[in-house]
Protein chains: 2
Amino acid sequence: MDKQDYLQHLINAGEEDVQLTPKQAKILEAAIEIFAEKGYAATSTSEIAKKAGVAEGTIFRHYKTKKELLISIVTPGIIKLTVPFFADQFVSEVFKERSESYEQLLRKIIRNRFEFVQKNVPLLKIIIQEMAFHEELKQSFQSIFIKKIFPKFDEAVTQFKKDGLIVDYPSSSIIRFTMTTIIGFIITRFLILPEAEWDDDEEIDRTIRMLMHGIQPDS
Amino acid sequence: MDKQDYLQHLINAGEEDVQLTPKQAKILEAAIEIFAEKGYAATSTSEIAKKAGVAEGTIFRHYKTKKELLISIVTPGIIKLTVPFFADQFVSEVFKERSESYEQLLRKIIRNRFEFVQKNVPLLKIIIQEMAFHEELKQSFQSIFIKKIFPKFDEAVTQFKKDGLIVDYPSSSIIRFTMTTIIGFIITRFLILPEAEWDDDEEIDRTIRMLMHGIQPDS
DNA sequence: CTCCTAAGTGAGTGATTACTCACTTATATA
DNA sequence: TATATAAGTGAGTAATCACTCACTTAGGAG
């Protein structure tokens, strides 16, 4: 597989849940739940089988190893988490419509990813946890980030800087600050303090406003 | 143990490395390294013993269980990570010297924690990873945050708001934004992209400036 | 009905696991 | 010097692990 095909292959992986046996779907469902709760290494295949209501051998009929099961969960998960940045219309088009501001773009991104994470909290937990320990997963993500997300972000930021709409710092710093703000909010909202009372619309709005204007009073 | 003593007991835990046997120190050292690299659940006690150069039984002479070994690493780690917010002079005094701004306070915090993390990257990895799976650890941290960190932060933010030096949003939003910015930077710097080229002084300065003034151009 | 293949099963296996225990060695105190 | 206590050891153990395999069941093609 050459490098051109690599990302396409990854993307296709996002749709591979089409031809799943009912029992295979149950296995994935159970594995996601338990991996998220206890972590991959602390989860036994017998436990997954029990929760999925299948024999332990059935897991290995579909996945050669326990690790292959993890990968078949996380890799499509990474795709789905980052796919808005793949879709050409998402960043580039928004960026081309000059009427729209960087602030508008950020609002779209944060709302879009907020809703995705809301529906996929356990998946996000697994991705964050297991990327730290499995080199292949980290590299899948890094590859996507470097080839797809960063260039588009960079294109937009560079243009907005040129137009004098955002501050003239290095793009890498602006992108890092932007992403940690958005990701930090989403992680706080769903992983760290999911049970606090959140006015989501208000908080998204304030987060973007602080990102754009900082925490000094309006001048 | 009543609740008053609880935090004091946690703080004392930070100094318990005084009366350590040489072999016990080796065990802790080895465990920190391997836990950080492979995760607690994927690490065997035989592996720790081997790396520490001791017999496996020696580990259980000092720690009743493998989990007790983890706790005796992470709990003091949490203390050391958060202790600047305990120390009365750190936040409150800075806040009382009105000549100093919120920006100055943030610079002190970010520099101080930057240097601590720099010297304790594996420890930070373990804390982040294992808090997700061990309820006691999560609660230790939450207890410290709610009782010690948040109130002092809140006191400072409220005063600065009153003085018109920072924007009049809810303190919880300002604190969340401030913390995700600082933590996001430190995690990016040491865990996500440790091998990138960083001009640390410049980047700390820009991070605080973006935090204070946002990413719109200077007005 | 006869193949064929894929899906599903669960008892079985060798390796590894956290932890124990009877024992030795070292240190301190009386 | 005698004695007690703590530190250190490593062979041993029951439990659990990921994975295998001979087998059954189901469904579709000829």
Side-chain angles (χ1 to χ4, degrees), chain A residues 13 15-75 126 129-130 133-137, chain B residues 13 15-75 126 129-130 133-137:
Chain A
E15 298 161 24
E16 74 188 2
D17 34 12
V18 187
Q19 51 232 10
L20 287 187
T21 289
K23 300 228 166 187
Q24 195 176 355
K26 286 299 245 178
I27 290 168
L28 285 176
E29 207 176 296
I32 288 173
E33 214 168 306
I34 309 179
F35 283 164
E37 193 192 317
K38 326 185 11 175
Y40 167 77
T43 302
S44 69
T45 49
S46 71
E47 201 180 352
I48 297 169
K50 196 178 161 193
K51 176 154 214 162
V54 303
E56 204 175 341
T58 308
I59 294 175
F60 293 96
R61 173 81 39 205
H62 295 286
Y63 306 96
K64 267 178 272 180
T65 63
K66 183 186 161 194
K67 182 150 188 177
E68 194 181 293
L69 170 61
L70 173 72
I71 301 229
S72 78
I73 288 170
V74 174
T75 302
I126 298 170
Q129 286 292 329
E130 302 306 331
F133 300 130
H134 307 271
E135 203 51 40
E136 333 90 275
L137 298 179
Chain B
E15 298 161 25
E16 73 189 5
D17 33 14
V18 187
Q19 51 230 13
L20 288 187
T21 288
K23 302 230 166 187
Q24 194 175 0
K26 287 297 247 177
I27 290 168
L28 285 175
E29 206 178 297
I32 288 173
E33 213 169 306
I34 309 180
F35 283 164
E37 191 192 316
K38 328 189 4 178
Y40 166 77
T43 302
S44 68
T45 49
S46 71
E47 202 180 352
I48 296 169
K50 197 178 159 192
K51 176 153 216 161
V54 304
E56 203 173 343
T58 308
I59 294 175
F60 293 97
R61 172 83 36 207
H62 295 286
Y63 307 96
K64 266 178 273 179
T65 63
K66 183 186 160 194
K67 182 148 188 179
E68 193 181 293
L69 171 59
L70 174 71
I71 304 242
S72 78
I73 288 170
V74 174
T75 301
I126 298 170
Q129 286 292 329
E130 303 307 330
F133 300 130
H134 306 272
E135 202 53 39
E136 331 91 275
L137 297 180

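Here is the naming used below: chain letters follow the sequence lines, and residue numbers restart at 1 for every chain. All heavy atoms count here, side chains included; hydrogens, waters and symmetry mates do not.
B:L69 is listed as a side-chain neighbour of B:I48, based on a closest heavy-atom distance under 4.5 Å. With contacts defined as side-chain heavy-atom distances shorter than 4.5 Å, the pair B:I73/B:Y63 does not qualify. Considering only heavy atoms from C-beta on, B:L70 comes within 4.5 Å of B:I126 through its side chain.
A 4.0 Å heavy-atom criterion places the boundary nucleotides of DNA chain D facing chain A at D:dC17 to D:dA22, written 5' to 3'.
By the side chain to side chain donor-acceptor pair (under 3.5 Å) test, B:S46 pairs with B:S44, sequence neighbours left out. Under the rule for a ring-ring contact (aromatic ring centres under 6.0 Å, His included), the partners of A:Y40 that lie at least two apart in sequence or sit in another chain are A:F35, A:H134. Partners of B:E47 according to the salt bridge (Lys or Arg N to Asp or Glu O under 4.0 Å) rule, which considers only residues two or more places apart in sequence or in another chain, are B:K38. Applying the side chain to side chain donor-acceptor pair (under 3.5 Å) criterion to A:T45, with sequence neighbours excluded, gives A:E56. With sequence neighbours excluded, the residues satisfying side-chain contact (heavy atoms from CB on, under 4.5 Å) with B:Q129 are A:Q129, A:A132, A:F133.
Taking a 4.0 Å limit (strictly below) on heavy-atom distances, residues 29-40 of chain A does not reach DNA chain C anywhere. Applying a 4.0 Å cut-off to non-hydrogen atoms, the residues of residues 46-54 of chain B that approach DNA chain D are B:V54, listed by residue number. Contacts between residues 55-67 of chain A and DNA chain D, counted as heavy-atom distances below 4.0 Å, involve A:E56, A:F60, A:R61, A:T65, A:K66.
The salt bridge (Lys or Arg N to Asp or Glu O under 4.0 Å) analysis of residues 57-72 of chain B, with sequence neighbours excluded, yields the pairs B:K67-B:E136. Sorted by first and then second residue, the pairs that involve residues 21-36 of chain A and meet salt bridge (Lys or Arg N to Asp or Glu O under 4.0 Å), not counting sequence neighbours, are A:E33-A:K51.
Within the model, atoms CG of B:L137 and OG1 of B:T75 stand 5.5 Å from one another, a figure rounded to the nearest 0.5 Å. A distance of 11.5 Å separates OG1 in A:T65 from CD1 in A:I59, rounded to the nearest 0.5 Å.
The residue A:T45 sits close to a base: some heavy atom pair falls under 4.0 Å.
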